[in-house]
There are 2 protein chains.
Amino acid sequence: MSKNNCPLHYTLNLIGTKWKPLILFHLLEGPLRSGVLQKKISGISNKMFTQTVRELEQDGLIAREVFPVVPPKVEYSLTDKGKSLENILRNMDEWGATFYKD
Amino acid sequence: MSKNNCPLHYTLNLIGTKWKPLILFHLLEGPLRSGVLQKKISGISNKMFTQTVRELEQDGLIAREVFPVVPPKVEYSLTDKGKSLENILRNMDEWGATFYKD
DNA sequence: CCGGATCCGTATAGATACTG
DNA sequence: CAGTATCTATACGGATCCGG
């Protein structure tokens, strides 16, 4: 990873991708079951979804809870660190709403 | 591009990458010559830099001005649309400062 | 000289089918 | 239902070359 003198670089290493902010944004309303969350992220592939939530979990932004039932049930939720991104995520959503046509 | 019901998706299509926010952030202070700007983005390759500023220009976030001199001189600056991202960029920088160790 | 275009080898993303 | 395996397509990095 390249070193940079600005903290923004650190932020981008955690959420500077196409999918991570979307996943975090949809978790702002509360925990979601894996399949439900994935369906909300339209266009993401199965592989990228799994890979991305793993990275978010490793970086401490989301928590993963496995319920030992059949059929399998997994829930994702925001950690405190993840919740602290709420302002940024909502700002990005609002900015998009300002310029998005149709 | 996948369709999504939230405007956040639109935002991420414009700035949801590793480099775009960094470039925009460094232009907040004013226009910069191409080489100077690139040096500030530590770790970016020549190819990615050129490609990324082209995309930012096409999306109307930055402006590119070419001076017909020798040696060549090119300056990049934020458009009004680009400037409207200032809050988001500074928030991301501040968030990184909060969690960044060393 | 500076900005950036091109070429090629590697790495990462994406689609699909499959397993417990 | 959640996640993995495999294969293909695309994105990326680095070196090199080019025009002004």
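Chain letters run A, B, ... following the sequence lines, proteins first, then strands; residues in each count from 1. For the numbers below, each heavy atom of this structure counts, side chains included, while hydrogens, waters and symmetry mates do not.
Here B/Phe67 lies out of heavy-atom contact (under 4.0 Å) with every strand. B/Val70 comes within 4.0 angstrom of no nucleic acid atom, judged by non-hydrogen atoms across all strands.
Closest approach of A/Leu24 to A/Leu85, counting heavy atoms only: CD1-CD1, 3.8 Å. Heavy-atom minimum distance, A/Lys20 versus A/Asn13: NZ-O, 4.1 Å. When all heavy atoms are compared, the tightest approach of A/His26 to A/Leu37 is CB-CD1, 3.9 Å. Residues B/Leu27 and B/Tyr76 approach most closely at CD2-O, 3.3 Å, considering heavy atoms. Scanning all heavy atoms of the two residues, the minimum distance from A/Lys73 to A/Val69 falls at CB-CG2, 3.9 Å. Of all non-hydrogen atoms in B/Met92 and B/Pro21, the two that sit nearest each other are CE-CB, 3.9 Å.
Regarding contacts with the backbone of D/dA11, every side-chain N or O of B/Trp19 stays at 4.0 angstrom or more from both OP1 and OP2. The shortest distance between the side-chain N/O atoms of A/Ser34 and the OP1/OP2 oxygens of D/dG3 is below 4.0 Å. Using a 4.0 Å cut-off, no side-chain N or O of B/Tyr76 falls inside it from OP1 or OP2 of C/dG3.
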Per-nucleotide protein contact along nucleotides 15-20 of chain C, 5' to 3', at a 4.0 Å heavy-atom cut-off (B base, S sugar-phosphate only, - neither), is B----B
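Taking atom CD on B/Glu75 and atom C1' on C/dG3, their separation rounds to 14 Å, with Å as the unit. Straight-line distance from the CE atom of B/Met48 to the C1' atom of D/dA11: 8 Å, rounded to whole Å. Across the protein-nucleic acid pair, A/Ile23 atom CD1 and D/dA2 atom C1' stand 14 Å apart, rounded to whole Å. Taking atom CG of residue B/Leu37 and atom C1' of nucleotide C/dG4, one finds them 14 Å apart after rounding to whole Å. Spacing between atom CZ of B/Phe49 and atom P of C/dC2 amounts to 14 Å, rounded to whole angstrom units.
Contacts between residues 50-65 of chain A and DNA chain D, defined by a heavy-atom separation below 4.0 Å, involve A/Thr50, A/Arg54, A/Arg64, listed by number.
The pair B/Arg90-B/Glu86 meets the salt-bridge criterion, since a charged nitrogen lies less than 4.0 angstrom from a carboxylate oxygen.
Under a 4.5 Å side-chain heavy-atom criterion applied to ILVMFWY residues, the cluster that includes A/Val70 comprises that residue alone.
Looking at heavy atoms from C-beta onward, A/Leu32 lies out of side-chain contact with A/Ser77 at the 4.5 angstrom threshold.
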